[in-house]
Amino acid sequence: MTDLRLFDTYTRSVRAFKPLEDNQVRLYACGLTVYDYAHIGNLRTYIFEDLLRRTLEFNGYTVNHVMNITDVGHLVSDADTGEDKMEKSAQKMGKTAWEIAEYYTQAFIQDFARLNIKMPTVLCRATDHIQEQIDFIRCIEKNGYTYATSDGIYFDTSRLSDYGYLARLDVEGLQAGSRIELGEKKHPTDFALWKFSPKDQQRQMEWDSPWGKGFPGWHIECSAMSVKYLGSFFDIHCGGEDHIPVHHTNEIAQTEACYATHLANFWMHGYFLQLDEAKMAKSAGGFIRLQTLIDKGYDPLAYRFFTMNALYRAKLNFTWEGLDAAAKSFDRLRLMAYRWGAPGSVDEGFVDQFREQINDDLNFPRALAVTWELTRSALPDSTKKATLLVFDQVLGLGLADWQPPEQVIPDEILALAESRTKMRQEKRWAEADALRDQIIAAGYEIEDTPQGPRIKSR
RNA sequence: GGCGACGUGGCCAAGUGGUAAGGCAAGGGUCUGCAAAACCCUGAUCACGGGUUCAAAUCCCGUCGUCGCCUCCA
């Protein structure tokens, strides 16, 4: 039995993981901003978090998994510039910001189901927690970390001596090489806690607050909701690598200002999926969603499998060739498992090897190598099946229920196959092969088995 | 301009001091009337140049290349 070890961005080291309390793991994951569909890069991070959760559960822990949905629009920068993404998307679609948020939230939940990602225990929307956010800001204000400008209430990052520790930010360097306009902010790293609604226009999403009508800054929702559901210091906080320098850094700043903790015992980050060596961004074209893959005939779980062939802590390059390779090997694996039949007894030796790999900071590439070793082993099929199903509690590939899709083979193809069988029985090989060529030309392939020919579409 | 990461066989990707997991593709073989499927086998000295060490893909320095962050972003 190997202990679970996880990489913690805060300390930049792999550390032994133990829950802060009993066998309960309190896990917070940053969710999606629902102004558009999730792309497969976003989804890579949620698959990583699902694998983390399942690994924790495999180790016997109960996981309280909280994820936020960012359904408040935010400006493109903390300064008073740019457009609001929610409101812009609403305008484009001819719907309200609220309808947009709901629509994309549902789409997001559907993607989770299709990827076999377990639903978080709590899925919380920022707009359902405005009061909690206001209370949190008041706490920060009371402790003297805020200042007001003409457009909002800001966090004064210079008040924290270790601001930016998570990202190892070089605050001086940021000031020197700064590309951002300061506006009324005192320091480049200061950020908005509450933004005022523009005086000349009515926002669709705005609320009253002690400071005036407006809406919360982006970072405060995660601090307020994680504290509400998990307490001011919990086990693991995760998100995408892009959150390290800004979002998570600011969440920590807010929590330090109010509760004097750095919020989570472990900070974990999923690394980017890249598209042909370039970033996949909603704003920069190159936007592939799960539905795009499905439309091209891929099983969503093949994408899940694809991401598991790389470490969560390394960038992964997406190519169609790479996805094909994953889809093909995944199909082989589950067809093999299907043909193994009913599960028998579990081989604990293989389970130990598997556990050793996933407990080593979620080394799924290695865990899959163990899986392939299992398939090649001399164990009885029923043992392989039972053992693989244990692995699948973590892999989440739906191997227990999967069966080959029912294929309707057209009568004319069946007729051709039948004639071919007859020809073969009469050893009229040339004619039999001609019939096979016809079947292949029609888009089917034929395998001769002891039980007779097996036909499937290609 | 500042900060950081990465560069492993045809492709994807593990391994971070003791002579390179795994998957896909390719080649060879077994099986087959021939195929297909399945199974077996084969292949990389780790971007380049120096250095440290008995020993380096793995540590240090330099060069080249790619990418990310610094602005909402998984």
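Convention: sequence-line order gives letters A, B, ...; per-chain numbering from 1. Hydrogens, waters and symmetry mates play no part in the numbers below; they use all other heavy atoms, side chains included.
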Please determine, for the side chain of A:Thr33, which listed nucleotide (B:A74, B:C11, B:A14) has the closest atom?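 The nucleotide sitting nearest to the side chain is B:A74.
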Proximity to the side chain of A:His243 - top-ranked nucleotide from B:A74, B:C70, B:A14: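 Ranking B:A74, B:C70, B:A14 by closest atom to the A:His243 side chain puts B:A74 first.
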[N] pairs with, by Watson-Crick or G-U criteria that keep both distances under 3.5 Å:
N: B:C39; answer: B:G29
N: B:A57; answer: none
N: B:U45; answer: none
N: B:G65; answer: B:C6

Give me the distance, rounded to whole Å, that separates [N] from [M] when you measure between the [atom1] atoms they each carry.
N: B:A36; M: B:G49; atom1: P; result: 43 Å
N: B:G18; M: B:A57; atom1: C1'; result: 13 Å
N: B:C3; M: B:U8; atom1: C1'; result: 27 Å
N: B:A5; M: B:G62; atom1: P; result: 13 Å
N: B:A44; M: B:G10; atom1: P; result: 11 Å
N: B:G4; M: B:C39; atom1: P; result: 48 Å

Does the side chain of [X] pick up a donor-acceptor pair with the side chain of [Y] at under 3.5 Å?
X: A:Gln110; Y: A:Gln106; value: no
X: A:Gln204; Y: A:Thr96; value: no
X: A:Thr157; Y: A:His187; value: no
X: A:Thr383; Y: A:Asp347; value: no

Sub-4.0 Å heavy-atom contacts from residues 323-339 of chain A onto RNA chain B, ordered by number: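 Hits under 4.0 Å, by residue number: A:Ala325, A:Lys328, A:Ser329, A:Arg332.
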Counting only non-hydrogen atoms, which of residues 364-383 of chain A are less than 4.0 Å from RNA chain B?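 Hits under 4.0 Å, by residue number: A:Pro365, A:Arg366, A:Ala369, A:Trp372, A:Arg376.
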Quick one: label [X] by what it contacts on the DNA or RNA (base, sugar-phosphate, nothing), any heavy atom closer than 4.0 Å.
X: A:Leu311; result: sugar-phosphate
X: A:Gly270; result: nothing
X: A:Leu316; result: sugar-phosphate

Between [X] ([atom1]) and [N] ([atom2]), how many Å, whole number?
X: A:Arg313; N: B:G68; atom1: CZ; atom2: P; result: 20 Å
X: A:Ile69; N: B:A74; atom1: CD1; atom2: C1'; result: 13 Å
X: A:Tyr271; N: B:A74; atom1: OH; atom2: P; result: 16 Å
X: A:Tyr303; N: B:C12; atom1: OH; atom2: C1'; result: 14 Å
X: A:His247; N: B:U71; atom1: NE2; atom2: P; result: 16 Å
X: A:Gln357; N: B:A13; atom1: CD; atom2: C1'; result: 14 Å
X: A:Lys315; N: B:G4; atom1: NZ; atom2: C1'; result: 13 Å
X: A:Met67; N: B:A74; atom1: CE; atom2: P; result: 11 Å

Salt bridge (charged side-chain N to carboxylate O under 4.0 Å, His left out) against A:Glu356, all qualifying residues, sequence neighbours excluded: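 A:Glu356: no salt bridge (charged side-chain N to carboxylate O under 4.0 Å, His left out) contacts found.
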Letter per nucleotide, 5' to 3', of nucleotides 30-36 of chain B [B base touched, S only sugar-phosphate touched, - untouched; heavy atoms, 4.0 Å]: ---BBBB
Taking atom CE of A:Met308 and atom CG of A:Leu51, what is their separation to the nearest 0.5 Å?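 Answer rounded to 0.5 Å: 6.0 Å.
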Under the 3.5 angstrom rule, does the side chain of A:Tyr303 hit a backbone N or O of A:Ile40 as a donor-acceptor pair?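 Yes: the side chain of A:Tyr303 pairs with the backbone of A:Ile40.
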Does A:Arg26 offer a backbone N or O that forms a donor-acceptor pair with the side chain of A:Asn64 under 3.5 Å?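 Side chain of A:Asn64 to backbone of A:Arg26, a donor-acceptor pair under 3.5 Å: no, none is there.
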Ring center gap for A:Tyr312 and A:Tyr271 short of 6.0 angstrom: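 No, too far apart.
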Geometric cation-pi criterion, A:Arg168 with A:Tyr165: 6.0 Å, 45°: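 The answer is yes; both the distance and angle limits are met.
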Sequence neighbours left out, what pairs pass salt bridge (Lys or Arg N to Asp or Glu O under 4.0 Å) with at least one residue falling in residues 107-118 of chain A?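 For residues 107-118 of chain A: A:Glu57-A:Lys118, A:Asp111-A:Arg114.
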Would you please name every residue forming a side chain to side chain donor-acceptor pair (under 3.5 Å) with A:Asp324, sequence neighbours left out?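 Partners of A:Asp324 by the side chain to side chain donor-acceptor pair (under 3.5 Å) criterion, ordered by chain and then number, come out as A:Tyr298.
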Give a yes or no on whether A:Glu373 atom CD has more than 12 heavy-atom contacts from other residues, nucleotides or ligands under 6.0 Å away.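 Yes, because the 6.0 Å sphere around CD of A:Glu373 holds more than 12 heavy atoms from other groups.
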Quick check on B:A21: is either OP1 or OP2 less than 4.0 Å from any side-chain nitrogen or oxygen of A:Asn309?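 Answer no for this pair, as no side-chain N or O of A:Asn309 is under 4.0 Å from OP1 or OP2.
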If each of A:Ala314 and A:Arg454 is mapped to the nucleotide of RNA chain B with the nearest heavy atom, which maps nearer the 5' terminus, i.e. the 5' end?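 Its nearest nucleotide lies further toward 5', so the answer is A:Ala314.
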Can A:Glu431 and A:Arg428 be counted as an ion pair, charged N to O under 4.0 angstrom?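 Salt bridge: yes.
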